[in-house]
Amino acid sequence: MVSVLLDKAKAKRQAPVSVHFLGTCGGPLVSRACSSLAVDFGNDIWIFDAADGTTGRLHQSSLKMSNISRIFITHMHADHTLGLVSILTQIMCGVGVSAADLERQKAKGTDRKADINIFGPVGLRKLIRTSLQLVGATLAGAYAVHELLGADEDASAGCSAEEMLVNEAVGKDIRASEEGVWEKIMDEGTGKGGRGWSVSAGPLDHRVPSQGYVLNEPTPREPLDTASLIPILTQHAAALKQYDPPVHHPLSVLSHLTSLPPPPPFVLPDGSSLHPPPLSGQPPRKLVIFGDCSGGTPNSTFQAMCADASLLVHECTNAHIAEPYQKGEKGRRLRVGGLEHSLLKKKEVNMGHPLGEEAIKGPNVGEDAEKKREEVQKKARSRGHSTPKEVGEFAKAIKARRVVINHFSAMFPSPRYHTSSPFPSLLSPTSPFPAPTPYPMTHSSDPPIPPLPLTSTELHTRIIMQNIADQVNEVWNGDGLGEVQRQCVPARDFMVVRIPGHELDEVEVDEQGEMGREVKEVMASWAEDGGAWVKEGKEKRWVGVSEAPGET
């Protein structure tokens, strides 16, 4: 065995993985497009859901559409599928494809190889094939649609040479296991930046068949010390050509040693062996991405597959907003009622005797709020959707390390933060664009447009979304995974969440700790006084729906 295999000089880091939210609404709204997100592995992009408008969001983002290799659809509703054909015609643009090119492609028949692989429920193959036929689209290359079949389902369309389009490759009909799940629906070891990541799927509870996806990273290994191995392989170059089959390029052994799944040791002509790199000791990452559902999954096997998630992306369509954070007279009365209650308590202490139960009781908010939460939850379930409580319960059950909620009702427009960070300051300036467009503008040489001052309307929008996240946090953070009070993130279009490792790293812990402290202070200020103080240089400015404290 050759002893020098690892590059000890390199600090081993897991390959970059980030999740880009392209559409976060069941809407759409001016500030939110409908459902879509992208998992970016660096030079390989996988799309999850593709609503109408996804192509535009991709062009506005920092993602390169040419790197898209796979698309996963959670269910067949229009707000998750109607952008599919547009994406295909963009990334497989057939401009310049000649009739002779199409004839050569057609001659390949069932031997065509897919450039783009698409996975999803029954009906997806028929939808794409019919749409491409009706619009007369010409594509370059080929795509394949792999349908996930339930126990009693048949594929929506066949894949014989006569049935397929000239730009279509044979798709797989993937039937669910006896447990009702689809394990490893794509081959490991394929792809570019996503090489080795496996994908499994399971059923969700919605009005139509809906699936969630689990992405599992291969167990991380140490890097090879290529500088030491190259001379060894070069020394054996002539003898390697005598192997059966011959190894014409000795450095190809390096790729062999790092291939997936890990191969057996490679024996050199002198009898020594080169072993694949050992495990690094870092836990692999797991991304759980759900479509529309009534909270978690009804399938226990699939829930077990989601366990110990590095990231959970879960819908949260409906939510009841606590009265102190509502805007308008009702919320104002409650804030004032709370202040009056506290003043009466103070007066009671100063006077040294009780003022009477009715005088200090204040509005009985708890029971009313609980009733409203139950009403919202009942409505959500009737439509196959989730509320913050259900998200928190599932995140806690699977011990998720990070949680992002999306697919909001049109009642919840997006805050206009001036950044794509998942943890912006609640009191930061406002983006000048109607949607939270990336800043600086992607793919643009125009000078940056400065942000706008924070307004009471914008702050209120942020307060409402934070209240939804806090409702998730209240349930999720009780799982005993450490002292860090993790922050659930309400998704925004163009928001980017980076997953550096399975556990939160120091930067993430600091970000969430700082965010938690600010949230506590600002939310309390809004609940009590109807606004918050914003620092602008050396000055402070009051932003809210009520007068600044002391000015009333």
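- Thr81 and Ile73 get closest at one heavy-atom pair: CG2-CG2, 3.7 Å.
- Using modelled atom types, one side-chain atom of Glu147 and one backbone atom of Leu124 make a donor-acceptor pair closer than 3.5 Å.
- The CZ atom of Arg462 sits 9.5 Å away from the OG atom of Ser414 when rounded to the nearest 0.5 Å.
- Partner of Tyr213 under the ring pair (Phe, Tyr, Trp, His ring centres under 6.0 Å) criterion, out of Trp182, Phe290, Phe72, Phe302: Phe72 alone.
- A donor-acceptor contact closer than 3.5 angstrom is absent between the side chains of Arg125 and Ser156.
- Listed here is the closest heavy atom pair of Cys25 and Arg32: CB-CB, 3.4 Å.
- Contact of the Arg383 side chain with the Ser294 side chain is not registered, since no non-hydrogen atoms from C-beta on lie closer than 4.5 Å.
- In the displayed structure, Lys172 atom NZ is contacted under 6.0 Å by more than 12 heavy atoms of other residues, nucleotides or ligands.
- Formation of a donor-acceptor pair under 3.5 Å by the Gln512 side chain with backbone atoms of Gln487 is found in this model.
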Show your reasoning for whether side chain to side chain contact (heavy atoms under 4.5 Å, CB included) applies to Met164 and Arg112. CA-CA 11 Å; Met164 291 190 301; Arg112 288 191 284 267; 3.8 Å; yes
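- A donor-acceptor pair under 3.5 Å is formed between the side chain of Asn167 and the backbone N or O of Leu139.
- Aromatic ring orientation, His75 versus His80: tilted (interplanar angle from 30° to 60°).
- Put simply, the side chain of Arg221 does not reach to within 4.5 Å of the side chain of Ser280, judged on heavy atoms.
- Here CZ of Phe21 is found 14.0 Å from CZ of Arg57. Values are rounded to the nearest 0.5 Å.
- Once rounded to the nearest 0.5 Å, the distance linking CD of Gln211 with CZ of Phe119 reads 12.0 Å.
- A pairwise comparison of heavy atoms in Glu511 and Phe423 identifies OE1-CD1, 3.7 Å as the closest pair.
- Between Leu37 and Leu22 the shortest side-chain heavy-atom distance does not fall below 4.5 Å.
- For His249, the NE2 atom is loosely surrounded, since the number of other residues' heavy atoms within 6.0 Å does not exceed 12.
- When the shell of 6.0 Å around CD of Glu474 is examined, it contains 12 or fewer heavy atoms from other residues, nucleotides or ligands.
- In terms of heavy atoms, Leu224 sits closest to Pro277 at CD2-CD, 4.0 Å.
- Checked options Lys286, His502, Glu217, Arg285; the residue passing with Ser310 is His502 (criterion: side chain to side chain donor-acceptor pair (under 3.5 Å)).
- Asp493 contributes a side-chain N or O that, together with a main-chain N or O of Thr24, makes up a donor-acceptor pair within less than 3.5 Å.
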Going through the checks in order, is the side chain to side chain contact (heavy atoms under 4.5 Å, CB included) test met by Ile128 and Tyr143? CA-CA 10 Å; Ile128 296 174; Tyr143 72 91; 3.8 Å; yes
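- When all heavy atoms of Gln282 and Pro220 are compared, the pair lying nearest together is O-CD, 3.3 Å.
- Leu257 has its side chain within reach of Val253: a pair of non-hydrogen atoms, C-beta onward, lies under 4.5 Å apart.
- At a threshold of 4.5 Å between non-hydrogen side-chain atoms, the residues Val19 and Val404 do not count as touching.
- Nearest heavy atom pair, residue Thr110 against residue Cys159, reads CG2-O, 4.1 Å.
- A distance of 12.0 Å separates NE2 in His20 from OG in Ser36, rounded to the nearest 0.5 Å.
- Using a 4.5 Å heavy-atom threshold, the side chains of Met186 and Asn117 count as separate.
- Distance OG/Ser259 to CG/Leu254: 11.5 Å, rounded to 0.5 Å.
- A salt bridge (charged side-chain N to carboxylate O under 4.0 Å, His left out) with Arg381 holds for exactly one of Glu390, Glu374, Glu375; it is Glu390.
- Of the possible polar contacts, one joining the Trp476 side chain to the Ala400 backbone as a donor-acceptor pair under 3.5 Å is found.
- Among His206, His385, His407, the one residue that satisfies the ring pair (Phe, Tyr, Trp, His ring centres under 6.0 Å) test with His77 is His206.
- No donor-acceptor distance shorter than 3.5 angstrom exists from the side chain of Ser69 to the backbone of Ile116, with no hydrogens or angles considered.
- Salt-bridge check for Glu503 with Arg401: passed, with a basic side-chain N closer than 4.0 Å to an acidic carboxylate O.
- Of the possible polar contacts, none joining the Glu168 side chain to the Glu163 backbone as a donor-acceptor pair under 3.5 Å is found.
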Could you walk me through whether Asp292 and Thr317 pass side chain to side chain contact (heavy atoms under 4.5 Å, CB included), step by step? CA-CA 9 Å; Asp292 294 3; Thr317 306; 5.5 Å; no
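- Contact check on Asp505 versus Arg498 returns no salt bridge, with no Lys/Arg side-chain nitrogen under 4.0 Å from an Asp/Glu carboxylate oxygen.
- Side chain of Gln471 to backbone of Gly392: no donor-acceptor contact under 3.5 angstrom is found.
- Looking only at atom types and distance, the side chain of Asn318 has no donor-acceptor partner in the side chain of Thr387 under 3.5 Å away.
- With no hydrogens or angles considered, no side-chain donor-acceptor pair links Gln105 and Asp101 at under 3.5 Å.
- Counting heavy atoms from C-beta outward, Val181 and Pro203 have side chains that approach closer than 4.5 Å.
- To the nearest 0.5 Å, atoms OG (Ser198) and CG (Leu215) are separated by 8.0 Å.
- Checking side-chain atoms of Ser386 against main-chain N and O of Gly295 turns up a donor-acceptor pair under 3.5 Å.
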Could you go step by step and tell me if Leu132 and Val85 meet the side chain to side chain contact (heavy atoms under 4.5 Å, CB included) rule? CA-CA 7 Å; Leu132 288 171; Val85 170; 3.8 Å; yes
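- Heavy-atom neighbours of Glu178 CD from other residues, nucleotides or ligands within 6.0 Å: at or below the threshold of 12.
- Residues Asp49 and Thr74 bring a donor and an acceptor atom of their side chains to less than 3.5 Å of each other.
- Residues Thr55 and His59 are in side-chain contact: their nearest non-hydrogen atoms beyond the backbone lie under 4.5 Å apart.
- Of the possible polar contacts, none joining the Arg70 side chain to the Ile45 backbone as a donor-acceptor pair under 3.5 Å is found.
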